Amino acid sequence: MQHSVFNRADTANDNVGEPFDAQERQVLWLADSDPASSVPSVRAPLGRLRSFLRGPEPTYTLANPRLETLRQSAIILRTGRSLTGEELDAFDAAGFSRERLDLLRVLYMTGDARRAVVRAA
């Protein structure tokens, strides 16, 4: 069975007083497979050249700004980068709690800790 952040979020939320709702879990599931280049702050410096050679990349932006903030935050954490102050402010402004951010951090840990979380789910 393949373990994605979608499955881990369902299990991990039992320990957090504020679970992700069904729509948010779908966004996390999408973010698990969206490319890092779909987040403006993560795009590679050679993105223009890549677009020129391969054509424009598809748009991955969600219509709901709150859910788009969740998607981008999940992708940033999945790439192993921490959220910047501006990204943290956007996460807070979208109405997400710090407990949810902590849960996302746990879900996207790298190395042995991430494997332990996947096995626990």
Side-chain angles (χ1 to χ4, degrees):
M1 178 179 177
Q2 182 181 15
H3 294 283
S4 71
V5 70
F6 181 73
N7 296 339
R8 294 189 311 262
D10 284 337
T11 304
N13 285 335
D14 296 339
N15 301 326
V16 177
E18 204 173 338
F20 291 105
D21 65 27
Q23 193 172 37
E24 293 165 348
R25 287 192 307 268
Q26 286 180 329
V27 168
L28 293 174
W29 181 78
L30 289 170
D32 221 24
S33 60
D34 281 352
S37 63
S38 68
V39 178
S41 64
V42 179
R43 286 195 182 117
L46 298 176
R48 279 188 181 163
L49 177 60
R50 187 178 322 136
S51 293
F52 177 75
L53 296 173
R54 295 184 185 172
E57 288 191 26
T59 302
Y60 293 90
T61 305
L62 300 175
N64 182 321
R66 181 175 181 275
L67 295 176
E68 176 61 14
T69 299
L70 178 62
R71 185 189 75 83
Q72 288 187 12
S73 299
I75 292 170
I76 289 167
L77 293 171
R78 186 189 78 206
T79 63
R81 208 188 88 203
S82 296
L83 298 178
T84 65
E86 186 176 307
E87 292 161 345
L88 283 172
D89 291 343
F91 193 82
D92 290 338
F96 293 109
S97 67
R98 290 299 169 126
E99 288 81 17
R100 286 186 181 184
L101 180 60
D102 291 341
L103 176 59
L104 283 177
R105 285 182 177 137
V106 168
L107 293 173
Y108 287 109
M109 284 187 301
T110 58
D112 293 333
R114 180 174 180 162
R115 284 190 288 277
V117 169
V118 171
R119 271 186 251 130

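Predicted model, so just to flag it, every value in this text is computed and none were measured. The residues of the chain are indexed from 1 along the displayed sequence.
Taking the ring axis of F96 as reference, the NZ or CZ atom of R66 stays within 45° of it and closer than 6.0 Å to the ring centre.
Residue L62 is not grouped with residue Y60 when hydrophobic side chains (ILVMFWY) are merged at heavy-atom distances under 4.5 angstrom, including chains of intermediate members.
With a 4.5 Å cut-off on side-chain heavy atoms, L104 and L70 count as touching. Proximity of D92 to R98: side-chain heavy atoms (C-beta onward) are separated by under 4.5 Å at one or more points. In this structure the side chain of Q72 never reaches within 4.5 angstrom of the side chain of L83, judged on heavy atoms. Side-chain contact between D32 and Y108 is present, with heavy atoms from C-beta onward closer than 4.5 Å.
Between T79 and A36 the shortest heavy-atom distance is CG2-CB, 3.6 Å. R105 and L88 make their closest contact through NH2-CD2, 4.1 Å (heavy atoms, listed as atom of the first residue, atom of the second, distance). A pairwise comparison of heavy atoms in S38 and P35 identifies OG-O, 2.7 Å as the closest pair. Annotation for D21 and Q23: closest pair OD1-N, 3.1 Å, computed over non-hydrogen atoms. Shown here for L67 and E24, the closest heavy-atom pair between the two residues is CD2-CG, 4.0 Å. Across every non-hydrogen atom of L28 and A74, the tightest pair is CD2-CB, 3.8 Å.
Judged by distance alone, the side chains of S97 and E99 do bring a donor and an acceptor atom under 3.5 Å apart.
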For this session: In sequence, state the C-alpha distance, the side-chain angles, and the governing distance for L77 and L101, and then conclude on side chain to side chain contact (heavy atoms under 4.5 Å, CB included).
Result: CA-CA 10 Å; L77 293 171; L101 180 60; 4.1 Å; yes
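Remark: side-chain polar atoms of R100 are not paired, donor with acceptor, to backbone N or O of F20 under 3.5 angstrom. With hydrogens and angles ignored, the 3.5 Å screen pairs a side-chain donor or acceptor of R78 with a backbone N or O of A31.
With values rounded to the nearest 0.5 angstrom, E68 atom CD is found 9.0 Å from N64 atom CG.
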